[in-house]
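Okay, so here's the structure we're looking at.
Just follow the structure's listing: the first ligand is 1, and inside any ligand the first atom is 1.
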Amino acid sequence: MNRYHPASDPDFMPKNMLQNVQWGKFEAILRHTYDNVPWYQLRMKEKGLQPSDIRSLDDIHKLPFVSKSDLRDTYPYGMFAVPLNEIVRFHASSGTTGKPVVVSYTKDDLDVWGEVIVRALACYGVHEGDILQNAYGYGLFTGGLGLHFAEQLGVTVVPISGGNTERQVMIMQDFGVTAVSCTPSYFLHIMDKAEEMGIAIKELPIRVGIFGAEPWTVPMRKNIEAGTGIRAYDIYGLTEIIGPGVGAECHCQNGLHIFEDHFYPEIVDKDTLEPLPDGRYGELVFTTLSKRAMPMIRFRTRDITKIFTEKCPCGRTIRRIERISHRSDDMFIIRGVNVFPGQIESALLAVEGTLPHYRIILTREHDLDNVEVQVELRAEQFDDTIRSLETFQRAIQKQIENTVGIRVKATLVQQGTIPRSEGKSQRVIDRREL
Ligand code: ADP
Ligand code: ZN
């Protein structure tokens, strides 16, 4: 069993010691990748580079990037650095269009994944004796089998996967579940279903929620915590790097610690791709330091964040990133203003009485973009006078206009109208045919 001992946890190493560990691992992984993946060798040769030209971690920026499209171009096995017989597991990204991105793991790679999940759980105060309802999807998606490593900490895992929400609520109650993992949007669905079934999550022994795989905002966290009495923690990860467990919030709930002895983070300017110092916002790029089956050197995540410069009060010395509020692909432009769905979510939830279910519909009429924000209201609110509904609608529109800078039309809809998701939610529907 992979017992958790803070004393042997590199999360608490002094900084220069960590850098030595990172450099030692990086040198070995770069050589391994160069020798075994022709794609990398070609890309490095195009830049006139050999592994020996990289003399310290500061030289890492000389190396070429890898993007999701490179992984699609080399589908399915082109990025593997070990023979197939050493591979014990495949996963694939949840991408809905075109070919998926396939990733692979050796037995040792799975141990690395288990280790970071165990560390993440330690961050959340989950321990042996806890019962974890793992409602992330099991299968090619990394969420389910990723969180399943909780077993290694001695946690009892309920491998329920996503879906069948009524049964989720029943099991949460009957099994005495103390922690739950799923996407934040699916947990909202579970909360609604519990309410519908007359079950108060607040009165159940559940303490911890482990939510990730999609962006969610601080007001959303407050909404979940106030409605259920649990602590809602963020977990970050991506298929190409390992799956969930690349980073996790600690009890301070202020940024996610990156397990940087396994995943080396960089922030680069999203347009020029030049490296940026800690503290500046840009695109997050990762180099895996441990994985052997499919190492990633300078993988562009498209996620926008910054690395904190301040130490975390929890005592961990590994660096933190700010919660991912958006990925660059999610941005939409409305009448010249760049908008991210998370900004609309924060504005909406700042208006007293809104439910956290919404969607954003973009249309185009006579070359003009229109934004409709559909928001759910409780059934009893619909019994209010038309006037009070109009006041409410105006309050939402004003809040969005003041904070996001765009005019929208807010449409109030009955509770339960907006489709619920069991995994990653789709908040934006773009009908502009751009
Ligand atoms: P896909 O790229 O097909 O969605 P993944 O399941 O690998 O497949 O998704 C990884 C992406 O999910 C990340 O790059 C990030 O955009 C998003 N993500 C994962 N965890 C979080 C989180 N805690 N907060 C915000 N976004 C997240
Ligand atoms: Zn911390």
Fill in: Test item: side-chain donor near acceptor, Tyr233 and His251, under 3.5 Å
no

Worksheet item: Counting distance only, does the side-chain N/O of Gln397 pair as donor-acceptor with the main-chain N or O of Ala410 below 3.5 Å?
Response: yes

Worksheet entry | Quiz item: cation-pi between Arg89 and Trp113, 6.0 Å / 45° | no

Worksheet, complete the sentence: Going by the 4.0 angstrom heavy-atom rule, the piece of Ile235 near ligand 1 is backbone

Worksheet item: Should the heavy atoms of other residues, nucleotides or ligands under 6.0 Å from NZ of Lys270 be counted, would the total exceed 12?
Response: no

Worksheet item: Are the aromatic rings of Phe299 and Phe65 close, with centres under 6.0 Å apart?
Response: no

Discussion item. Any N/O/S atom, side chain or main chain, of His257 closer to the Zn ion (ligand 2) than 2.8 Å?
Written reply: yes

Worksheet item: Got an N/O contact under 3.5 Å between Ala213 and ligand 1?
Response: yes

Worksheet item: Are His262 and Phe259 close enough that their ring centers fall under 6.0 Å?
Response: no

Fill in: Gln374 and Tyr358: side chain donor to acceptor below 3.5 Å
no

Worksheet entry | Distance filter under 4.0 Å to Thr239 heavy atoms, resulting ligand 1 atoms | 5 (P), 6 (O), 7 (O), 8 (O)

Item to complete: Considering the heavy atoms of Phe141, write down every atom of ligand 1 situated less than 4.0 Å from one of them.
Response: 6 (O)

Fill in: Spatial distance of atom CG (Leu349) from atom CZ (Arg221) [nearest 0.5 Å]
13.5 Å

Fill in: Within reach of ligand 1, part of Asp234 (heavy-atom separation under 4.0 Å)
side chain

Discussion item. Side chains of Glu225 and Gln253: any donor to acceptor distance under 3.5 Å?
Written reply: yes

Worksheet item: For Thr142 and ligand 1, does the shortest N/O to N/O distance drop below 3.5 Å?
Response: no

Fill in: Contact with ligand 1 for Arg302, non-hydrogen, under 4.0 angstrom
no

Worksheet entry | Atoms of ligand 1 close to Gly237 [distance to a heavy atom under 4.0 angstrom, numbered from 1] | 10 (C), 13 (C), 19 (C), 20 (N)

Discussion item. Against ligand 1, does Lys424 come closer than 4.0 Å with any heavy atom?
Written reply: yes

Discussion item. I'd like to know: is the Zn ion (ligand 2) within the 2.8 Å range of an N/O/S atom from Cys312, strictly under that distance?
Written reply: yes

Worksheet, complete the sentence: Note: ligand 1 atoms sitting under 4.0 Å from heavy atoms of Arg327 are 2 (O), 4 (O), 11 (C), 12 (O), 13 (C), 14 (O), 15 (C), 16 (O)

Discussion item. Treating Tyr124 as the side-chain partner and Asp234 as the backbone partner, does any N or O pair qualify as donor plus acceptor under 3.5 Å?
Written reply: yes

Worksheet entry | From the candidates Glu240, Glu249, Glu214, Lys68, the one that places a heavy atom nearest atom 26 (N) of ligand 1 | Glu214

Discussion item. Suppose we only count N/O/S atoms under 2.8 Å; would His251 qualify as near the Zn ion (ligand 2)?
Written reply: no

Item to complete: For ligand 1, find out whether one of its N or O atoms is nearer than 3.5 Å to an N or O atom of Gly212.
Response: no

